[in-house]
Visitor: 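Take this structure first; my questions come after.
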Amino acid sequence: MSTNPIPIIAIDGTSSSGKGTIAYKLAEYFGYNYLNAGALYRLSAYTALANNVNLSHKEALIQIASDLRPHFKGKQIIINGKDVWPIISTQEYGNHASVISPIKELREALFYAQRKMIASPGLVAEGRDMCTHVFTDAKVKLYLDADVTVRAERRLIDEERKKTGKTLEMIEKELELRDHRDMTRDLGRLYPADDACIIDTGNKTIDEVLKECVEWCEAQGIVGGC
Ligand code: DC
């Protein structure tokens, strides 16, 4: 597929690989719009539970995903005037999102919501199937990953701050389970696109990873960085 006239930087990667942070910083650096695709899956689960809909109720979930009208404001996701990101960014909602994400019609509804985010001067989109399905016309494709223990250690800092009582082993197990689910489902499974630049974020600082990504984007012709 030829590349979109509006430059898109598509990023896929495993949970806690740092793709969210890097995607947001890249969007700031190039002055592009930002899409956190996982947030749409998380939001679908949140809306269902907030309305007493069981996550096994497929038809209701598809309707919820079709009706989603999130308002993105930077990292914030505003629903009825309230930023719900602090609630849906938890590991619990990550797991809920992963559980409902294999539903074909739900993915289709969210596909259109994601494509609608393409806008000038460009878009940085992060998720699991950004490079391989939703934005195959991206100018730049990146795949971020790190060893599961390194990712669990990063997550532990968050969990300790929130005093959840989770141990490193518990977090590692959760991540492994989520990776497995995300990598083995039939639709939109996580894998590196053939033309993606694969970046190992383990044992690197955020600034080091960002520098590597910026250099790669610029080498692919992305301009406008500050
Ligand atoms: O990126 P994240 O951790 O916020 O994603 C949460 C879950 O949402 C992820 O485990 C699977 C699902 N997801 C997906 O199926 N496809 C995407 N492109 C992004 C997320």
Side-chain angles (χ1 to χ4, degrees), residues 8-27 34-49 55 58 61-62 64-65 68 70 72 74-77 83-118 123-138 141-146 148 151-152 154-155 158-159 171-193 196 199 201:
I8 302 168
I9 302 172
I11 308 179
D12 289 327
T14 47
S15 307
S16 301
S17 58
K19 66 185 178 347
T21 306
I22 293 300
Y24 192 73
K25 283 182 178 287
L26 276 178
Y34 166 68
L35 167 65
N36 172 356
L40 297 177
Y41 291 86
R42 290 169 184 259
L43 201 52
S44 301
Y46 167 81
T47 308
L49 295 176
L55 294 185
K58 201 173 139 183
L61 284 165
I62 295 165
I64 285 169
L68 274 190
F72 291 93
K75 274 190 179 167
Q76 297 185 335
I77 298 163
D83 176 21
V84 295
W85 181 241
I87 303 172
I88 65 170
S89 60
T90 57
Q91 184 78 327
E92 188 193 356
Y93 274 96
N95 293 335
H96 290 329
S98 177
V99 166
I100 64 168
S101 65
I103 303 172
K104 180 173 177 269
E105 296 86 346
L106 178 137
R107 296 199 77 82
E108 278 168 7
L110 295 184
F111 175 89
Y112 293 108
Q114 291 166 68
R115 291 292 300 183
K116 276 195 197 142
M117 294 290 293
I118 301 174
L123 175 69
V124 180
E126 52 120 342
R128 298 293 184 295
D129 60 348
M130 301 295 93
C131 307
T132 53
H133 182 56
V134 182
F135 300 109
T136 48
D137 52 348
K141 296 181 184 173
L142 298 167
Y143 186 89
L144 270 53
D145 197 7
V148 69
R151 291 187 281 131
R154 286 178 189 158
R155 194 86 220 180
D158 259 18
E159 303 279 350
I171 300 168
E172 211 171 304
K173 286 237 150 43
E174 278 182 0
L175 287 176
E176 276 170 348
L177 183 67
R178 187 127 76 96
D179 286 350
H180 179 75
R181 217 190 277 125
D182 291 345
M183 289 171 165
T184 57
R185 63 175 176 236
D186 288 343
L187 289 170
R189 73 182 170 86
L190 173 67
Y191 67 97
I199 297 182
T201 67

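Both counts, for ligands and for their atoms, begin at 1 and track the order of listing.
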Visitor: Is there a side chain to side chain contact (heavy atoms under 4.5 Å, CB included) between Leu142 and Leu26? Walk through the geometry before answering.
Guide: CA-CA 12 Å; Leu142 298 167; Leu26 276 178; 4.1 Å; yes
Visitor: Just to confirm my output: which protein heavy-atom neighbour is closest to atom 13 (N) of ligand 1, and how far is it?
Guide: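 Here the nearest protein heavy atom works out to Tyr41 CD1, 3.7 Å.
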Visitor: So, is Ser15 polar-close to ligand 1, with some N/O to N/O distance under 3.5 Å?
Guide: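 No, Ser15 has no N/O under 3.5 Å of an N/O on ligand 1.
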Visitor: Is the shortest distance from a heavy atom of Arg107 to ligand 1 less than 4.0 Å?
Guide: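 Judged by the 4.0 Å heavy-atom criterion, Arg107 does count as contacting ligand 1.
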Visitor: Among all protein non-hydrogen atoms, which one is nearest to atom 20 (C) of ligand 1, and what is the separation to 0.1 Å?
Guide: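 For this ligand atom, the closest protein heavy atom is Gly38 CA, 3.5 Å.
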Visitor: Between Ala97, Gly94, Ala37, flag the one that comes closest to atom 8 (O) of ligand 1 by a heavy atom.
Guide: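 Nearest heavy atom to atom 8 (O) of ligand 1 lies in Ala97.
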Visitor: For a quick test of reading the model, state the closest non-hydrogen atom pair linking Leu40 to Pro70 and the distance between them.
Guide: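 Scanning both residues completely, I find the closest heavy atoms to be CD2-CG, 3.7 Å.
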Visitor: Using a 4.0 Å cutoff against the non-hydrogen atoms of Arg185, which atoms of ligand 1 qualify?
Guide: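 Near Arg185, meaning under 4.0 Å from one of its heavy atoms, ligand 1 has 11 (C), 14 (C), 15 (O), 16 (N).
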Visitor: What part of Gln91, side chain from CB on, backbone N/CA/C/O, both or neither, has a heavy atom under 4.0 Å from ligand 1?
Guide: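 For Gln91, there is no contact with ligand 1 at all, from either part.
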Visitor: Per the salt bridge (charged side-chain N to carboxylate O under 4.0 Å, His left out) rule, which among Arg185, Arg107, Arg189 passes with Asp129?
Guide: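 Only match with Asp129 under salt bridge (charged side-chain N to carboxylate O under 4.0 Å, His left out): Arg107.
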Visitor: Distance under 4.0 Å to a non-hydrogen atom of Gly127: what atoms of ligand 1 satisfy this?
Guide: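 Heavy-atom distances to Gly127 below 4.0 Å select 18 (N), 19 (C).
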Visitor: For ligand 1, find out whether one of its N or O atoms is nearer than 3.5 Å to an N or O atom of Asn36.
Guide: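 There is no such contact.
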Visitor: Does any N or O of ligand 1 fall below 3.5 Å from an N or O anywhere on Glu126, backbone included?
Guide: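 Among all N and O atoms of Glu126, none is under 3.5 Å from an N or O of ligand 1.
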Visitor: Can you see which heavy atom on Ser44 is nearest to which on Leu68, and at what distance?
Guide: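 The pair with the smallest heavy-atom distance is OG-CD1, 3.5 Å.
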Visitor: Does the side chain of Gln91 come under 3.5 Å of the side chain of Glu159 through a donor N or O and an acceptor N or O?
Guide: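 Glu159 and Gln91 do not have a side-chain donor-acceptor pair below 3.5 Å.
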Visitor: Does a donor on one side chain sit under 3.5 Å from an acceptor on the other, for Arg178 and Ser98?
Guide: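 The criterion, which ignores hydrogens and geometry beyond distance, is not satisfied for Ser98 and Arg178.
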Visitor: How about Asn36 and Tyr41: do any of their side-chain heavy atoms sit closer than 4.5 Å?
Guide: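 Asn36 does not reach Tyr41 side chain to side chain.
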Visitor: Under 6.0 Å from the ring centre and within 45 degrees of the ring axis: does the NZ or CZ of Arg42 meet both conditions for the six-membered ring of Tyr46?
Guide: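 No, Arg42 and Tyr46 do not form such a contact.
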Visitor: Please write down residue, atom name and distance for the protein heavy atom closest to atom 1 (O) of ligand 1.
Guide: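 Protein heavy atom with the smallest distance to atom 1 (O) of ligand 1: Arg128 NH1, 2.7 Å.
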Visitor: For a quick check under 3.5 Å, do Glu126 and Tyr24 share a side-chain donor-acceptor pair by atom type?
Guide: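 No donor-acceptor contact under 3.5 Å links the two side chains.
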Visitor: What residue and atom, counting heavy atoms only, is the protein's closest point to atom 6 (C) of ligand 1, and at what distance?
Guide: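 Ranked first by proximity to atom 6 (C) of ligand 1 is Arg178 NH1, 3.4 Å.
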Visitor: So for Gln114, does at least one of its heavy atoms come nearer than 4.0 angstrom to any atom of ligand 1?
Guide: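 Outside the 4.0 Å threshold, so no.
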Visitor: Mind running side chain to side chain contact (heavy atoms under 4.5 Å, CB included) on Tyr143 and Ile199 for me, showing each step along the way?
Guide: CA-CA 6 Å; Tyr143 186 89; Ile199 297 182; over 6 Å; no
Visitor: Nearest protein heavy atom to atom 4 (O) of ligand 1, by residue and atom, and its distance?
Guide: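 Minimum-distance protein heavy atom for atom 4 (O) of ligand 1 reads Arg42 NE, 2.7 Å.
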Visitor: Counting heavy atoms only, which part of Asp182 comes closer than 4.0 Å to ligand 1: side chain, backbone, both or neither?
Guide: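 Looking at Asp182 and ligand 1, just side chain atoms fall under 4.0 Å.
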Visitor: Which bit of Met130 is near ligand 1, meaning a heavy atom under 4.0 Å away: side chain, backbone, both or neither?
Guide: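 For Met130, the contact with ligand 1 is made by the side chain alone.
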